[in-house]
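Residue numbers start from 1 in every chain, and the chains themselves are labelled A, B, ... in the order their sequence lines are given, proteins ahead of strands. All figures in this text were calculated on a predicted structure; none of them were measured in a lab.
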Amino acid sequence: MEGIDKTLNNYLEQIEKYLKPIEVSERIDIVKEIQSEMLELQQKGVSSEQIIERLGSPTTLAKAYLGESISKNSRLNWRKVSALLAFYSLVGLGGMMILPVISICAAVFLLTGALCPIAGIVKYAAHLQGYEISQIGIQLNHYEASATAFLPISFIIGFVLMAVGWLFWKLTLITIRSMYSGKKKLNQL
Amino acid sequence: MNLDDWKSQIKRGTLEYCILLIIKKKPTYGYELISTLESYPIMAAKENTIYPLLRRLSKEEYISSSWQESTEGLPPRKYYTITDKGLAYLSAMSVEWENLINTINEMKGV
């Protein structure tokens with residue numbers, strides 16, 4: 001691109017790279033518009049460094065474009081999904097990795113926590129009827145809890161698991177909230 | 001909640017309105033629009049706000065754009081013009097704006 005130096009050219013190349021999910025003709029138009037402002041500022045005697053400082057980092061600027069096209073385009077299509085992916089890869093791998101992991105942990109802990117006392121009740125009820133269900137129970141080295149002992153233990157373990165699940169759930173909410181505020185900042189001024 | 005937060009919320013809520021008002025006056029290019037807004041501190045907004053916003057307003061067909069060559073070594077500029085749809089939207093916004101101002105004045109007891 002003529003008329004601008006290497007620093008500015010690199011900046012535009014990076015913008016172009018980050019905006020891959022946006023249709024090529026639009027992308028070229030966006031880059032051309034930014035370039036036009038660069039030339040305009042250059043004409044006024046603004047240095048390349050100052051121009052870049054004014055525009056902000058290429059990732060921030062690209063994110064703003066991607067964020068706007070995600071939040072305002074209600075149709076779900078491949079282009080939107082890829083914009084979303086590009087957006088989250090700019091937001092950071094953190095959101096993409098952490099969120100699924102902690103939300104799955106929350107669900108698993110809550111579920112097992114709920115199942116545990118049920119297992120205890122089932123074993124105890126069977127015991128009262130004269131059946132011993134050996135598949136359900138707790139074993140520590142040589143100690144094996146009887147059906148009567150297992151009932152309260154299953155409630156305690158269930159409670160602990162639920163508590164852990166609940167903590168993961170809280171963590172999930174906090175993460176979502178912080179990601180959301182990150183996205184909100186992006187649309188901010 | 002502090003004052004800066006509140007101001008930035010006001011800005012967020014009214015920027016679209018201000019942009020349409022400016023573009024309505026005359027066809028405007030991006031940098032010119034940003035400079036105009038910059039001259040009003042309460043409305044000052046950066047490139048990463050204005051350009052994506054202009055792009056959305058174009059997609060929603062409130063404004064249209066065209067590239068125009070400039071003279072004397074100046075770069076080509078992308079000028080934005082308000083559309084009929086944009087004018088209708090703007091006048092509806094103006095009604096709401098008047099409404100808001102009147103409401104606030106009434107609450108202030110003016």
- Here the gap from I30(A) atom CD1 to L54(B) atom CG, rounded to the nearest 0.5 Å, amounts to 11.0 Å
- Task: Spell out the residues in residues 43-52 of chain A that have some non-hydrogen atom less than 4.5 Å away from a non-hydrogen atom of chain B, in order of number; otherwise answer 'none'.
- Result: Q43(A), K44(A)
- Message: Is there a path of hydrophobic side-chain contacts, each under 4.5 Å between heavy atoms, that joins L87(B) and Y79(B)?
- Response: yes
- Item | Connected via hydrophobic side-chain network under 4.5 Å: I42(B) and I22(B) | yes
- Any side-chain heavy-atom pair of K59(B) and E26(A) under 4.5 Å: yes
- More than 12 heavy atoms from other groups under 6.0 Å of CH2 on W166(A): no
- Query: Has Y131(A) got more than 12 heavy atoms of other residues, nucleotides or ligands less than 6.0 Å from its OH?
  - Reply: no
- Message: Is it true that Y29(B) and E40(A) share a donor-acceptor pair across their side chains at a distance under 3.5 Å?
- Response: yes
- Item | Counterpart residues, side-chain contact (heavy atoms from CB on, under 4.5 Å), relative to A88(B) (two or more places apart) | none
- Query: Do you know which of P75(B), S70(B), P76(B) makes side-chain contact (heavy atoms from CB on, under 4.5 Å) with S36(A)?
  - Reply: P75(B)
- Enclosure of K85(B) NZ (heavy-atom neighbours >12, cutoff 6.0 Å): yes
- E37(A) and its side-chain contact (heavy atoms from CB on, under 4.5 Å) partner, picked from E47(B), R77(B), K78(B): E47(B)
- ILVMFWY network linking I34(B) to Y40(B), side-chain heavy atoms under 4.5 angstrom: yes
- Heavy-atom check, side chain of Y31(B) versus side chain of L41(A), under 4.5 Å: yes
- In one Ile/Leu/Val/Met/Phe/Trp/Tyr side-chain cluster, 4.5 Å: L111(A), F159(A): no
- ILVMFWY cluster, I133(A) and I121(A) together (side-chain gap under 4.5 Å): no
- May I ask you to say whether E38(B) pairs ionically with R54(A), meaning some side-chain N is under 4.0 Å from a carboxylate O? yes
- Note on the structure: Applying a strict 4.5 Å limit to non-hydrogen atoms, the region of Q42(A) in contact with chain B is neither
- Message: Atom CG of residue position N99(B) - does it have more than 12 heavy atoms of other residues, nucleotides or ligands inside 6.0 Å?
- Response: yes
